Each structure stands twice: as structure tokens, then as C-alpha cells.
Protein chains: 2
Amino acid sequence: MRQSDLRIGDLARHTGVGVATIRYYGDVGLLPEAGRSEGGQRHYRPSHVERLMFIKHCRELGFSQDNVRMLLTQADQSDASCEDVARLAKEHLEAVRKKLTALQALEMSLEDMIHACRGGRIQNCRIIEALAANE
Amino acid sequence: MRQSDLRIGDLARHTGVGVATIRYYGDVGLLPEAGRSEGGQRHYRPSHVERLMFIKHCRELGFSQDNVRMLLTQADQSDASCEDVARLAKEHLEAVRKKLTALQALEMSLEDMIHACRGGRIQNCRIIEALAANE
DNA sequence: CTAAGTCCTCGAGCTACTAGAGCTTCAAGC
DNA sequence: GCTTGAAGCTCTAGTAGCTCGAGGACTTAG
């Protein structure tokens with residue numbers, strides 16, 4: 001274990017990623033396997049910090065694990081064109097926009113339902129009616 | 001099996017809910033258990049169609065299974081006040097709005113990243129840079 | 001009676017973690 | 001050197017809400 005190495009808890013504090021999640025990322029191959037102490041405890045190099053932050057940012061932006069994997073692979077090929085990266089990002093943006101549209105529609109429906117409700121009994125409740133409607 | 005009863009496939013076609021999903025709703029108690037033929041095949045009454053449509057609408061509006069369960073319970077109490085229903089709907093609307101806000105922020109971040117990218121190599125890629133950034 | 005279509009159960013798989021049980025290792029203080 | 005408490009380890013299972021597949025049984029038209 002070198003001076004600059006971190007134990008899993010330190011890495012967690014440095015990055016804001018939970019200990020269990022870090023182990024999980026190792027298991028699924030997002031984060032390269034850490035070195036081990038004689039007792040079996042993981043120790044991480046500074047490169048792990050960078051990589052984990054990269055992963056964290058990707059996840060915060062909503063990229064799936066598979067996409068993160070691709071982005072990591074790309075990030076390692078410094079000579080390659082960044083075409084694929086841009087495409088991935090654009091596709092993801094498209095997906096986000098679709099979700100936004102869907103959510104907005106949903107927001108409106110809910111608003112309508114709620115505004116229609118004037119209190120009272122279930123049997124006259126507009127919300128229940130709306131949910132039960134055949135169309 | 002009465003004239004008006006439906007087999008699971010018919011119910012699926014009538015409601016647009018998949019066969020496996022209908023069975024699943026039965027298993028988890030959202031949809032009351034169907035009657036069975038001598039050979040063990042389910043047959044559904046018209047009331048099942050109504051209930052399933054109700055569930056479908058709820059799910060389309062993004063209510064969780066637990067919330068759907070509550071809404072169903074309420075819907076059955078025609079004399080009860082619709083207060084709880086309205087509260088549930090409002091809470092859900094709030095949750096939807098929060099998601100919307102988060103997604104919009106995400107959309108902007110992605111847009112910024114994508115606009116910053118001018119093509120070229122990974123080593124100069126602004127997207128990768130943004131993802132790798134320490135802050 | 002047969003064949004095609006539909007249905008049955010049971011178990012596993014999906015995403016991306018998260019929590020807990022039961023045990024071991026590490027490091028600081030005495 | 002010893003103790004002790006924090007932190008680490010592995011493994012299993014659980015979360016939400018379905019979805020799919022295997023292997024077999026039922027149903028119904030011809």
C-alpha cells in the first residue's frame with residue numbers, strides 16, 4: 001500500500017460514492033479491481049478516484065451502466081474520434097427529452113384531475129371517475 | 001364460465017394489458033383472483049375489466065403499486081370522503097414536478113456538453129472533459 | 001381424433017443499487 | 001504486546017414492476 005493509496009472508506013468520502021456502491025462497481029467491472037492488502041482489504045490508486053468521479057458524473061447525468069461502460073472505453077482511447085461519445089450523448093439527450101414530454105403530459109393530467117375534484121364523497125369524486133374512465 | 005366471462009387473452013386484448021402482467025396483478029393482489037375452469041384456466045368477470053382499466057390508468061399516471069392499492073381501496077368505499085384520494089394525487093403531482101425539475105436540469109447539462117463538443121479526438125473532447133471534471 | 005392455439009406454473013432475469021448477517025483486519029492507545 | 005472499536009470482508013437477499021422461457025396441460029375447430 002503506497003502513501004497515496006486509499007482505503008475504500010476514504011475513496012467513498014473523497015468521491016461521495018457509497019462504500020457498497022464502490023464494491024458493486026468493482027464487481028460489475030465499471031471500476032478496475034483494486035489492489036489488496038495482505039489481509040484482503042482493497043486499496044485504491046489515485047486513478048481510481050478519477051475513474052470513480054467520471055462514473056459518478058455519468059450516473060448523475062442519467063447514463064445507464066452500459067453507456068457508462070462505453071464512455072469509459074472511449075475515454076481511454078485518447079486518439080479515437082469523439083464521434084461515438086457525441087452520438088451517445090445526443091441519444092441520451094433525446095431520451096431525456098422524451099421523458100420530459102411524457103412527464104409534462106402526466107403533470108397536466110394530474111392537474112386536471114385534481115382541479116376537477118371539489119371534495120365530497122368517493123361516489124362523486126372526479127379523480128376516481130377519471131381513473132375509472134373507459135377511455 | 002358464463003357467457004360474459006373472458007379468458008385471460010381476451011381480457012388482455014380488451015384492456016391492452018399483457019397476459020403476464022394480468023397474472024402478475026393477480027399474484028400481487030391488485031386484481032382479485034379470477035374464477036377457474038375445470039382445467040384450471042382463469043375466467044374473468046366484467047368487473048375485472050373495470051378494475052384492470054382503473055389499474056392501468058393509475059399506472060399510466062405513474063402511481064406506484066402501493067398507491068394504486070390505496071386508490072382501489074378508496075374507490076370501493078363509495079361513502080368515504082375523497083380527501084385521501086385528493087391528497088394522494090397531490091403528493092404524486094408534487095413528485096412528478098420534482099422529477100420534471102431534475103430532468104430539466106439534466107437536459108441543460110447535456111445540451112451544454114454537446115454544444116461544447118466540436119468533434120475531433122477524445123483527448124480534446126469537451127464531453128469527456130466535462131464528465132471527468134473534478135467539480 | 002388431431003392439431004393449433006391458448007393457457008398453466010414455476011423460476012429466473014432485468015436495473016442499479018442497498019442492507020444485513022456474521023466474521024476478519026487494522027490502527028490507535030495503553 | 002494487547003485490547004478495542006472502527007472499518008473492512010463476503011455472501012445473500014431485497015427493492016419495483018414487470019417480462020420471458022421452459023415444459024407441459026387445456027380447449028376448440030375441423
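Note that the structure is predicted; figures quoted are calculated from it, not measured. Letters A, B, ... are given to chains in the order of the sequence lines, protein chains preceding strands, and every chain is numbered from 1.
Listed by chain and residue number, nothing satisfies the salt bridge (charged side-chain N to carboxylate O under 4.0 Å, His left out) test with B:E50 (two or more places apart in sequence, or in another chain). In this structure, A:R36 has no salt bridge (charged side-chain N to carboxylate O under 4.0 Å, His left out) partners at least two apart in sequence or on a different chain.
Using a 4.0 Å cut-off, no side-chain N or O of B:R59 falls inside it from OP1 or OP2 of D:dA16. In this model, the phosphate group of D:dG17 is not approached by any side-chain N or O of B:Y25 to a distance below 4.0 Å at OP1 or OP2.
Within the nucleic acid shown, A:F63 has no heavy atom closer than 4.0 Å to any nucleic acid atom. Nucleic acid contact for B:R23: base, since at least one base atom lies under 4.0 Å from a heavy atom of the residue.
The residues A:D76 and A:R51 are annotated as salt-bridged, a charged nitrogen and a carboxylate oxygen being separated by less than 4.0 angstrom. Ion pairing between B:D10 and B:R13 holds under the 4.0 Å rule for side-chain N and carboxylate O. Using a cut-off of 4.0 Å between Lys/Arg side-chain N and Asp/Glu carboxylate O, A:E91 and A:R87 are scored as salt-bridged. Ionic pairing of A:E111 and B:R97 is present here: one or more N-O contacts between side-chain nitrogen and carboxylate oxygen are shorter than 4.0 angstrom.
Applying the salt bridge (Lys or Arg N to Asp or Glu O under 4.0 Å) rule to pairs touching residues 61-75 of chain A yields A:D66-A:R69, sequence neighbours excluded. Residue pairs satisfying the salt bridge (Lys or Arg N to Asp or Glu O under 4.0 Å) criterion with at least one member in residues 117-127 of chain A, sequence neighbours excluded, are absent.
Atom pair B:R36:CZ and C:dC8:C1' shows a separation of 8 Å (rounding to whole Å applied). Atom-to-atom, NZ of A:K56 to C1' of C:dA16 comes out at 16 Å; the value is rounded to the nearest Å. Here the P atom of nucleotide D:dC9 and the OH atom of A:Y44 are 7 Å apart, to the nearest Å. Atom CZ of B:R42 and atom P of C:dC8 are 4 Å apart (whole Å). Computed from coordinates, the B:Y24 OH to C:dC8 P distance equals 18 Å when rounded to whole Å. Atom CD1 in A:I22 sits about 15 Å away from atom C1' in D:dC9, given to the nearest Å. In this structure, A:H43 places its NE2 atom 11 Å from P of C:dA27, rounding to the nearest Å. The distance from atom CD1 of A:I55 to atom P of C:dC17 is 10 Å, rounded to the nearest whole Å.
Against DNA chain D, the stretch residues 96-105 of chain B makes no heavy-atom approach under 4.0 Å.
The neighbour count for A:E60 CD, taken as heavy atoms of other residues, nucleotides or ligands under 6.0 Å away, is above 12.
Looking at the side chain of A:S64, the nearest of the listed nucleotides D:dC9, C:dA16, C:dC8 is C:dA16. Considering only the side chain of B:A20, D:dT19 comes nearest among D:dT19, C:dA16, D:dC18.
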Just the atom pairs and distances: protein N or O near nucleotides 27-30 of chain D's N or O, under 3.5 Å.
unit_1 : atom_1 : unit_2 : atom_2 : d
D:dT27 : OP1    : B:S37  : OG     : 3.1
D:dT27 : OP1    : B:G39  : N      : 3.4

